[in-house]
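Notes follow the structure.
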Amino acid sequence: QVQLAESGGGSVQAGESLRLSCAVSGSFGSRWCMGWFRRAPGEERKVEVVAAIDMDGNTNYSDDVKGRFTISQDNAKKTLYLQMNNLKPEDTRLYLCAADPRGTERLCRNAVNWGQGTQVTVSS
């Protein structure tokens, strides 16, 4: 079973940067995707896609983070990253790492494996 564990969240001032990490273990198929999601504000049951990456390194981003966030992976370390630059107060969310180990939907919206989340808080 795929296991995911996020880290790297914290409290920062607007304009600062954070890098989130997601340690990955388990079995993936030949076609897969991973992504970073965040809780919708005031909607505990809903998540929004932030960024996604597939087995070929193709990346896609939500419009509200394009140009500021970068998703990447280190296969040797089996870790997924989200580099977040120029953070804004509206980026304050719980961020979750997720995976679809057998699919490549563009924004990885069919993810079935989830980490526990890491909190990011941005103060103005």
Side-chain angles (χ1 to χ4, degrees):
Q1 185 175 0
V2 173
Q3 301 283 346
L4 308 172
E6 305 95 333
S7 61
S11 297
V12 298
Q13 297 290 326
E16 296 182 346
S17 298
L18 284 172
R19 187 180 72 168
L20 306 183
S21 299
C22 175
V24 182
S25 65
S27 180
F28 288 73
S30 60
R31 300 175 67 252
W32 56 264
C33 65
M34 296 195 68
W36 288 97
F37 297 73
R38 61 191 185 183
R39 289 269 175 82
E43 300 181 48
E44 186 69 18
R45 296 182 180 181
K46 295 183 178 181
V47 296
E48 300 174 347
V49 176
V50 175
I53 190 168
D54 70 11
M55 69 286 177
D56 293 322
N58 300 307
T59 59
N60 289 288
Y61 297 89
S62 177
D63 288 342
D64 57 352
V65 307
K66 287 180 179 178
R68 298 190 298 120
F69 292 8
T70 303
I71 188 170
S72 63
Q73 61 184 25
D74 185 329
N75 289 329
K77 294 184 176 182
K78 297 183 179 180
T79 302
L80 182 74
Y81 299 100
L82 183 68
Q83 178 66 44
M84 303 183 293
N85 296 329
N86 191 24
L87 283 161
K88 303 176 180 180
E90 54 263 41
D91 296 320
T92 296
R93 308 279 188 88
L94 181 74
Y95 286 74
L96 302 103
C97 177
D100 179 352
R102 299 185 66 183
T104 54
E105 196 275 332
R106 184 172 178 271
L107 288 169
C108 208
R109 289 173 290 193
N110 295 323
V112 295
N113 298 286
W114 296 83
Q116 80 286 354
T118 185
Q119 179 67 38
V120 171
T121 301
V122 184
S123 300
S124 61

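Side-chain N or O atoms of Ser123 include none that pairs as donor or acceptor with a backbone N or O of Gln13 at under 3.5 Å. Between the side chain of Gln1 and the backbone N or O of Gly26 there is no donor-acceptor pair closer than 3.5 Å.
Taking CG of Asp64 as the reference point, atom CD of Glu90 lies at 8.5 Å (rounded to 0.5 Å). Separating the OG1 atom in Thr70 from the CH2 atom in Trp36 is a distance of 13.0 Å, to the nearest 0.5 Å.
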Per-pair distances, 0.1 Å, donor-acceptor, side chain in residues 76-85, under 3.5 Å, sequence neighbours excluded:
from: Thr79; atom 1: OG1; to: Lys77; atom 2: O; distance (Å): 3.0
from: Gln83; atom 1: NE2; to: Asn85; atom 2: OD1; distance (Å): 2.9
from: Asn85; atom 1: OD1; to: Ser17; atom 2: OG; distance (Å): 2.9

Sequence neighbours left out, cut at 3.5 Å: what donor-acceptor pairs do the side chains of residues 48-57 make with other protein atoms?
from: Glu48; atom 1: OE1; to: Arg93; atom 2: NH1; distance (Å): 2.9
from: Glu48; atom 1: OE1; to: Arg93; atom 2: NH2; distance (Å): 3.4
from: Asp54; atom 1: OD1; to: Asp56; atom 2: N; distance (Å): 2.9
from: Asp54; atom 1: OD1; to: Gly57; atom 2: N; distance (Å): 3.2
from: Asp54; atom 1: OD1; to: Asn58; atom 2: N; distance (Å): 3.0
from: Asp54; atom 1: OD1; to: Asn58; atom 2: ND2; distance (Å): 3.3
from: Asp54; atom 1: OD2; to: Asn58; atom 2: ND2; distance (Å): 3.0

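Residues Leu107 and Phe37 are members of one and the same hydrophobic cluster, defined by side-chain heavy-atom contacts under 4.5 angstrom among Ile, Leu, Val, Met, Phe, Trp and Tyr. Cluster membership check: Tyr61 shares its hydrophobic cluster with Tyr95, using side-chain heavy-atom separations under 4.5 Å among Ile, Leu, Val, Met, Phe, Trp and Tyr. Both Ile71 and Leu87 are assigned to one and the same hydrophobic cluster, defined by single-linkage of ILVMFWY side chains at heavy-atom distances under 4.5 Å. There is a path of hydrophobic side-chain contacts, each under 4.5 Å, that joins Val12 to Phe69. Hydrophobic cluster membership differs between Val24 and Leu96, with clusters built from Ile, Leu, Val, Met, Phe, Trp and Tyr side chains linked at under 4.5 angstrom.
Under the side-chain hydrogen bond (donor to acceptor under 3.5 Å, both in side chains) criterion, Glu43 pairs with Lys46, sequence neighbours left out. Under the salt bridge (charged side-chain N to carboxylate O under 4.0 Å, His left out) criterion, Arg19 pairs with no residue at all, not counting sequence neighbours. Under the rule for a salt bridge (charged side-chain N to carboxylate O under 4.0 Å, His left out), Glu16 has no partner lying at least two apart in sequence or in another chain.
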Worked verdict on Arg68 versus Asn86 for side-chain hydrogen bond (donor to acceptor under 3.5 Å, both in side chains)
CA-CA 6 Å; Arg68 298 190 298 120; Asn86 191 24; over 6 Å; no

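With respect to the salt-bridge test (charged N to carboxylate O, under 4.0 angstrom), the residues Asp63 and Lys66 qualify.
Sorted by first and then second residue, the disulfide (SG to SG under 2.5 Å) pairs with a member in residues 54-124 read Cys22-Cys97, Cys33-Cys108; sequence neighbours excluded.
For the residue pair Val120 and Gly9, the shortest heavy atom distance occurs at CG2-CA, 4.2 Å. Nearest heavy-atom pair across Ala99 and Phe28 is CB-CE2, 3.9 Å. In plain terms, the two heavy atoms of Ser124 and Pro89 that are nearest each other are CB-CG, 3.8 Å.
Residues Asn113 and Gln3 fail the side-chain proximity criterion, which asks for heavy atoms closer than 4.5 Å.
Applying the side-chain contact (heavy atoms from CB on, under 4.5 Å) test between Arg38 and each of Val65, Val47, Leu94 identifies Val65 as the sole match.
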